2 protein chains.
Amino acid sequence: MISFEQFRMEDGVPIYLQILLYIKRGMVAGTVVDGDELPSRRMLSALLSVNPNTVQKAYRMLEEEGLIQSHLGAKSYAVVSGEKIAQIRTELLENDAQNVVRTLKQMGVTREEALALIVKYWE
Amino acid sequence: MISFEQFRMEDGVPIYLQILLYIKRGMVAGTVVDGDELPSRRMLSALLSVNPNTVQKAYRMLEEEGLIQSHLGAKSYAVVSGEKIAQIRTELLENDAQNVVRTLKQMGVTREEALALIVKYWE
DNA sequence: CTAACTGTATCATATCAGTAATACAGTTTT
DNA sequence: AAAACTGTATTACTGATATGATACAGTTAG
C-alpha cells in the first residue's frame with residue numbers, strides 16, 4: 001500500500017497535481033514499486049481532507065499516463081517499469097532544475113550562491 | 001523604464017503572479033531601481049498579449065505592498081529601498097530553495113546529485 | 001486647447017479548481 | 001446472500017483566473 005505519511009500540503013499548486021506529483025516522485029524514489037496497492041479514492045480523500053473528486057482527477061490522469069491501473073469495483077495498483085521511471089525522472093528533474101535556475105538567475109544570484117543555498121536548505 | 005525583454009511566459013502559474021514576481025526579482029537583481037518608470041497597464045498588456053485587467057491586478061498588489069506608486073492620469077514608478085530589497089530577497093530565495101530541496105528529496109536525489117544538477121542546468 | 005496618453009472602475013462572460021451530494025455497477029468480505 | 005467496500009458518473013455550486021468591452025477622470029504632449 002502506497003503511504004502518504006510524507007505528504008505535505010503546499011498552497012499555490014492545485015491539489016490534484018500535488019497528489020499526482022507525490023506518486024510520480026515516489027516512483028522515481030523507489031518508494032512506490034510495480035504492483036503496489038493505492039489507497040481508495042474515498043480513503044485518500046478522507047486522509048487528506050479533500051473531495052473524492054479531487055483524488056479521482058489525479059488518479060484518472062495517472063491512469064491516462066499508464067502509471068496506475070483501475071478496474072470497476074476492485075482496488076487500483078501502480079504499473080511501473082524501469083523505462084517509465086527513467087522517463088519520469090528526467091521529466092521531473094529537468095522541470096525542477098530549469099525552473100529554479102531560471103528564477104535564481106532572474107534575481108541576480110551567482111552559481112556559487114545558488115549551490116550554497118541548496119546546501120543550506122538541505123539541512 | 002522597466003524592461004520586459006527577459007520575460008518568458010510559464011504555464012501553471014497565474015499570469016498576474018508571473019508579472020508581479022518578474023518585477024520583484026528585478027528589484028532583487030538590481031535591474032529595477034528606485035524611481036524606475038513602469039510600462040503603462042495598456043502598453044504591457046499589449047506587449048505580453050494579456051488583458052489590461054491582468055496587468056492591473058499585478059500592479060495593484062505591488063502597490064499594496066508599497067513597491068510601486070501610482071497616481072490617476074500619471075505614470076507609475078518603482079519605490080524601493082535597501083531594506084525592502086533585502087526582505088524580498090530573503091522571501092523569494094527561501095521559497096524557491098525550500099521548494100526545490102523538498103521535491104528533489106521526495107525523488108530520492110542525493111545532495112551531491114542536486115548540486116550537479118544545478119551546475120548542469122546553469123549552462 | 002485638444003488630443004492622446006495615463007490610472008481606475010464596472011459590467012458580463014468563460015474556464016478551471018475544488019467542494020458537495022448522489023447514484024450506480026462491480027468486487028470482496030463476512 | 002448481505003454488507004461493505006471498490007471505481008465511475010452526474011449535477012450543482014463557489015471562487016479564482018482571465019478575457020472583453022466600455023466608461024470616466026486626471027495628466028501630458030502636440
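Since this is a predicted model, take the numbers as computed values, not measurements.
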Think T54(A) has a side-chain N or O under 4.0 angstrom from the OP1 or OP2 of dA17(C)?
no
Using OP1 and OP2 only, check whether a side-chain N or O of S76(A) sits under 4.0 Å from dT6(D).
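False: S76(A) side-chain N/O out of range (4.0 Å or more) of dT6(D) OP1/OP2.
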Given atom [atom1] of [X] and atom [atom2] of [N], what is their separation to the nearest angstrom?
X	N	atom1	atom2	result
K57(A)	dT10(D)	NZ	P	16 Å
D11(A)	dA16(D)	CG	C1'	14 Å
M1(A)	dC5(D)	CE	P	13 Å
Q69(A)	dT6(D)	CD	C1'	15 Å
N53(B)	dT22(D)	CG	C1'	11 Å
Q56(B)	dT6(C)	CD	C1'	12 Å
I15(A)	dA16(D)	CD1	P	14 Å
E10(B)	dT17(D)	CD	P	16 Å

Sidechain-backbone polar pair: [X] side chain, [Y] backbone, donor-acceptor under 3.5 Å:
X	Y	value
D34(B)	V80(B)	yes
R42(B)	P39(B)	no
D36(A)	V33(A)	yes

Work out how much the helix from dC1(C)-dG30(D) to dT30(C)-dA1(D) bends between its end axes, five pairs an end, to the nearest 10 degrees.
20°
Quick check for you: among [options], whose closest atom lies nearest to any side-chain atom of [X]?
X	options	value
L72(B)	dT8(D), dT27(C), dG7(C)	dG7(C)
Y16(B)	dT8(C), dT17(D), dA25(C)	dT17(D)
S70(B)	dA17(C), dG26(C), dT8(C)	dT8(C)

ILVMFWY network linking L21(A) to V79(A), side-chain heavy atoms under 4.5 angstrom
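No, L21(A) and V79(A) fall in different hydrophobic clusters.
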Sugar-phosphate, base or nothing in reach of Y59(B), heavy atoms under 4.0 Å
nothing
Which of residues 37-48 of chain A sit near DNA chain D, with a heavy atom under 4.0 Å from it?
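Heavy-atom contacts with DNA chain D come from S40(A), R41(A), R42(A), M43(A).
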Is E113(B) salt-bridged to R89(A), going by a charged N under 4.0 Å from an acidic O?
yes
Check this for me: does any side-chain nitrogen of one of E65(B) and K84(B) sit under 4.0 Å from a carboxylate oxygen of the other?
no
Just checking [X]: does its [atom1] atom have more than 12 heavy atoms from other residues, nucleotides or ligands closer to it than 6.0 angstrom?
X	atom1	result
E83(B)	CD	no
K105(A)	NZ	yes
Q87(B)	CD	no

Whether the R41(A) and S70(A) side chains hold a donor-acceptor pair (N or O, under 3.5 Å, no angle test) is what I'd like checked.
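Side chains of R41(A) and S70(A): pair found under 3.5 Å.
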Classify the side chain of N51(A) versus the base of dA20(C) as yes if they form a donor-acceptor pair under 3.5 Å and no if they do not.
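Result: at least one qualifying N/O pair found.
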Between K75(A) and L17(A), name the one whose nearest nucleotide on DNA chain C is closer to the 5' end.
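Mapping each residue to its closest nucleotide by heavy atoms, the 5'-most match is L17(A).
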Which residue lies toward the 5' end of DNA chain C, P52(A) or G73(A), if each is placed at its nearest nucleotide?
P52(A)
